Colleague: 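Below is the structure I would like to discuss, written out as structure tokens.
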Amino acid sequence: MPVRIITGKDVESLLTMKDTIGAVEEAFRQKALGKVEMPPKVYVFIKEHAGDYRVMPAYMPSIDAAGVKVVNVHVKNRERGLPTVMATILLLKPETGEPIAVIDGTLITSMRTGAAGALAVREMARKGSGVVAFVGAGVQARFQLLGIKEVLGTFRARAYDVSSASSKSFAEFALKNGIKADIAQSVKECVSGADVIVTTTPATGPVVMREWVSDGAHINAIGADAPGKEELDPKILLDARVIVDDMEQATHSGEVNVPISKGIYKPSMISGELGDVLIGKVKGRGSEKEITVFDSTGLAIQDIATASAVLRRAEEKGVGILVDMVSR
Ligand SMILES: NC(=O)c1ccc[n+]([C@@H]2O[C@H](COP(=O)([O-])OP(=O)(O)OC[C@H]3O[C@@H](n4cnc5c(N)ncnc54)[C@H](O)[C@@H]3O)[C@@H](O)[C@H]2O)c1
């Protein structure tokens with residue numbers, strides 16, 4: 001069987017946020033039902049080049065999809081004119097183990113992260129949430145905006161970034177997608193009174209403080225996805241209902257990882273996983289006044305489910321290049 005090579009441009013033409021949310025919801029539901037195979041992601045550090053890459057395997061029987069994503073984070077890449085994060089996904093045929101597709105996973109990574117954020121907002125934010133604050137206005141912020149738009153319909157956005165150029169281009173992007181965004185001059189101004197707060201910075205210390213967060217707010221904590229990364233004042237976690245994407249991964253590398261390592265927060269304080277909320281096992285929100293936090297680290301099942309949806313579309317539309325890879 002030939003391998004289908006699907007480029008980033010192909011993915012762009014094949015994948016919608018609506019389809020991604022559907023694929024990612026199925027992935028989280030199957031996880032909650034104990035029906036996925038997903039060993040922990042493996043980090044390989046390349047210290048001399050200020051980079052790392054992560055190897056993320058998963059198998060989802062419900063959609064007959066298996067594969068692995070390899071994704072890097074090289075913080076000096078922007079200076080080199082390259083993206084910081086690039087990903088490649090290899091899909092295998094579960095029945096035989098044959099490689100069936102090599103897909104650019106860069107856009108898929110952003111789309112599936114936006115989709116998880118959207119599901120968390122749908123399940124955890126107060127009904128009628130109308131103001132969404134974005135702290136960090138880079139790539140992930142844009143995909144969070146697109147995902148949240150699918151579940152909230154319209155809303156007013158606010159953005160703060162340490163780079164005013166990033167805030168400005170985020171506001172332009174939002175407007176192109178039908179969302180008006182105001183640029184804030186500080187994190188406090190950005191998040192005060194917001195119904196939903198989205199953090200997508202690479203910070204390694206608290207950026208959003210407890211006293212700035214209103215009762216009833218929901219927070220998508222997206223940026224912390226490796227040991228040592230942290231965006232929220234730990235007091236927020238102590239006052240909130242915290243839902244993670246994966247217990248194991250979040251306690252080691254999610255928003256909760258630093259407070260846990262300092263003994264300020266305990267894994268037993270986490271209310272559950274997003275999949276538990278989606279299958280109705282755990283509540284996403286207990287009251288109108290409660291602060292809720294979704295701690296996202298990014299799971300291989302999100303990538304494999306989304307990549308498999310891309311492959312199905314590519315097969316239907318005859319997109320991609322077929323290569324005979326395996327010699328027999
Ligand atoms: N949870 C997940 O599944 C997931 C997926 C992808 C990326 N990430 C993480 O999300 C983070 C953002 O990724 P990205 O691709 O958007 O990067 P990016 O470089 O495109 O954007 C990050 C933005 O944050 C801004 N920033 C940095 N420090 C800030 C601060 N203290 N306050 C406000 N803004 C600040 C930067 O100026 C930049 O515009 C990274 O830490 C990445 O590892 C998480």
Side-chain angles (χ1 to χ4, degrees), residues 20 24 27-28 41 43 50-54 56 69 71-79 82-87 105-120 133-147 158-173 183-191 197-209 212 219-233 243-246 249-250 252-258 274 293-303 305-306:
T20 312
V24 169
F28 277 110
K41 64 172 130 174
Y43 289 78
D52 71 64
Y53 65 94
R54 299 133 199 224
M56 303 171 65
K69 178 172 86 166
V71 57
N72 79 301
V73 180
H74 278 64
V75 291
K76 289 187 184 156
N77 270 6
R78 279 201 165 183
E79 298 158 23
L82 280 171
T84 307
V85 174
M86 290 168 281
T106 310
L107 177 63
I108 289 176
T109 300
S110 301
M111 290 284 273
R112 60 74 150 154
T113 307
L119 290 166
F134 293 85
V135 179
V139 174
Q140 297 314 317
R142 286 165 166 70
F143 288 90
Q144 290 291 311
L145 179 130
L146 295 177
R158 277 190 219 145
Y160 172 78
D161 195 289
V162 283
S163 149
S164 53
S166 294
S167 303
K168 194 164 166 271
S169 71
F170 175 82
E172 286 163 6
F173 173 88
I183 296 172
Q185 298 309 317
S186 66
V187 179
K188 184 180 177 187
E189 184 192 326
C190 185
V191 304
I197 298 166
V198 179
T199 59
T200 58
T201 75
T204 51
V207 174
V208 178
M209 304 314 288
W212 306 335
I219 304 175
N220 272 355
I222 306 295
D225 61 351
K229 285 170 124 180
E230 181 182 32
E231 298 182 286
L232 305 180
D233 178 353
I243 298 290
V244 298
D245 54 6
D246 177 76
Q249 206 166 284
H252 288 108
S253 53
E255 181 58 43
V256 293
N257 91 82
V258 174
L274 182 61
V293 174
F294 171 52
D295 179 355
S296 160
T297 56
L299 307 185
I301 49 168
Q302 294 169 247
D303 297 304
T306 308

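Every number for a ligand or one of its atoms is a count from 1 in the order of the listing. Small disclaimer: the values here were computed from a predicted structure and weren't measured.
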Colleague: Find all atoms of ligand 1 within a distance of less than 4.0 Å from any non-hydrogen atom belonging to R78, and give their numbers and elements.
Modeller: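 Those qualifying, in numeric order: 18 (P), 19 (O), 20 (O).
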Colleague: Among T306, T20, D303, which residue meets the side chain to side chain donor-acceptor pair (under 3.5 Å) test with R112?
Modeller: D303
Colleague: Tell me, with the steps shown, if K69 and T109 meet side chain to side chain donor-acceptor pair (under 3.5 Å).
Modeller: CA-CA 9 Å; K69 178 172 86 166; T109 300; 2.9 Å; yes
Colleague: Using a 4.0 Å heavy-atom cut-off, say whether T297 meets ligand 1 through its side chain, its backbone, both or neither.
Modeller: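 It is the backbone that touches ligand 1; the side chain stays farther off.
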Colleague: Under 3.5 Å, side chain of N72 to main-chain N/O of T84, donor-acceptor pair present?
Modeller: yes
Colleague: With a 4.0 Å cut-off on heavy atoms, does I222 reach ligand 1?
Modeller: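 Contact present.
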Colleague: Test side chain to side chain contact (heavy atoms under 4.5 Å, CB included) on T106 and M86 and set out the steps.
Modeller: CA-CA 5 Å; T106 310; M86 290 168 281; 4.1 Å; yes
Colleague: Please state which protein non-hydrogen atom is closest to atom 20 (O) of ligand 1 and give its distance, to 0.1 Å?
Modeller: V139 N, 2.9 Å
Colleague: May I ask you to test the Q302-F28 pair for a side-chain heavy-atom distance under 4.5 Å?
Modeller: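 SC-SC contact between Q302 and F28 confirmed.
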Colleague: Please confirm whether the backbone N or O of V256 pairs with a side-chain atom of D295, one donor and one acceptor, at under 3.5 Å?
Modeller: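 Yes; judged by distance alone, with no hydrogens or angles, the pair exists.
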Colleague: Would you mind finding which of K229, Q140, E255 brings a heavy atom closest to atom 16 (O) of ligand 1?
Modeller: Q140
Colleague: Test side chain to side chain contact (heavy atoms under 4.5 Å, CB included) on V208 and E231; report intermediate values, then the result.
Modeller: CA-CA 6 Å; V208 178; E231 298 182 286; 5.9 Å; no
Colleague: Identify, by atom number and element, the atoms of ligand 1 in contact range of T200, meaning under 4.0 Å from any of its heavy atoms.
Modeller: 11 (C), 12 (C), 22 (C), 24 (O)
Colleague: I'd like the name of whichever of V85, T204, V162 reaches closest to atom 30 (C) of ligand 1 through any heavy atom.
Modeller: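 Residue with the shortest heavy-atom distance to the ligand atom: V162.
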Colleague: Quick check on Q302 - does any of its heavy atoms sit under 4.0 Å from an atom of ligand 1?
Modeller: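 False for this residue.
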Colleague: Evaluating non-hydrogen atoms only, which member of D225, N77, V73 is closest to atom 42 (C) of ligand 1?
Modeller: D225
Colleague: Which atoms form the tightest heavy-atom contact between T297 and K41, and what is the distance?
Modeller: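 Heavy atoms of T297 and K41 come nearest at O-NZ, 3.4 Å.
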Colleague: Tell me: protein heavy atom nearest atom 31 (N) of ligand 1, and distance?
Modeller: V207 CG2, 3.8 Å
Colleague: I'd like to check whether A141 has a polar contact with ligand 1, where a contact means an N/O of the residue lying under 3.5 Å from an N/O of the ligand.
Modeller: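 No, there is no polar N/O contact under 3.5 Å.
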Colleague: I need the atoms of ligand 1 closer than 4.0 Å to a non-hydrogen atom of S296, numbered in the order shown.
Modeller: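 The atoms of ligand 1 under 4.0 Å from a heavy atom of S296 are 1 (N), 2 (C), 3 (O).
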Colleague: What do we get for D161 next to ligand 1 when only non-hydrogen atoms under 4.0 Å count, side chain, backbone, both or neither?
Modeller: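 Within the 4.0 Å criterion, D161 contacts ligand 1 through backbone and side-chain atoms alike.
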Colleague: Tell me, which protein residue and heavy-atom name are nearest atom 10 (O) of ligand 1, and how many Å apart are they?
Modeller: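 Answer, as residue, atom name and distance: G223 CA, 3.5 Å.
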Colleague: For P83, is there any backbone N or O sitting under 3.5 Å from a side-chain donor or acceptor partner on N77?
Modeller: yes
Colleague: Starting from atom 27 (C) of ligand 1, what is the nearest protein heavy atom, named by residue and atom, and what distance separates them?
Modeller: P202 CD, 3.4 Å
Colleague: Judged by atom type as modelled, is there a donor-acceptor pair below 3.5 Å linking the side chain of T200 to the main-chain atoms of G136?
Modeller: yes
Colleague: Show the atoms of ligand 1 that are less than 4.0 angstrom away from any heavy atom in T113.
Modeller: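 Within the 4.0 Å cut-off of T113, ligand 1 contributes 2 (C), 3 (O), 4 (C), 5 (C).
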Colleague: Atoms of ligand 1 less than 4.0 Å from Y160 heavy atoms?
Modeller: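 What qualifies from ligand 1 is 32 (N), 33 (C).
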Colleague: Quick test of your reading of the model: are D225 and R54 salt-bridged, counting only N-O distances below 4.0 Å?
Modeller: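 A salt bridge links D225 with R54.
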Colleague: Give a yes/no verdict on whether any heavy atom in R142 is under 4.0 Å from an atom of ligand 1.
Modeller: no
Colleague: With a cut-off of 4.0 Å, which atoms of ligand 1 are near a heavy atom of S166?
Modeller: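 With S166 as reference, the close atoms of ligand 1 come out as 39 (O).
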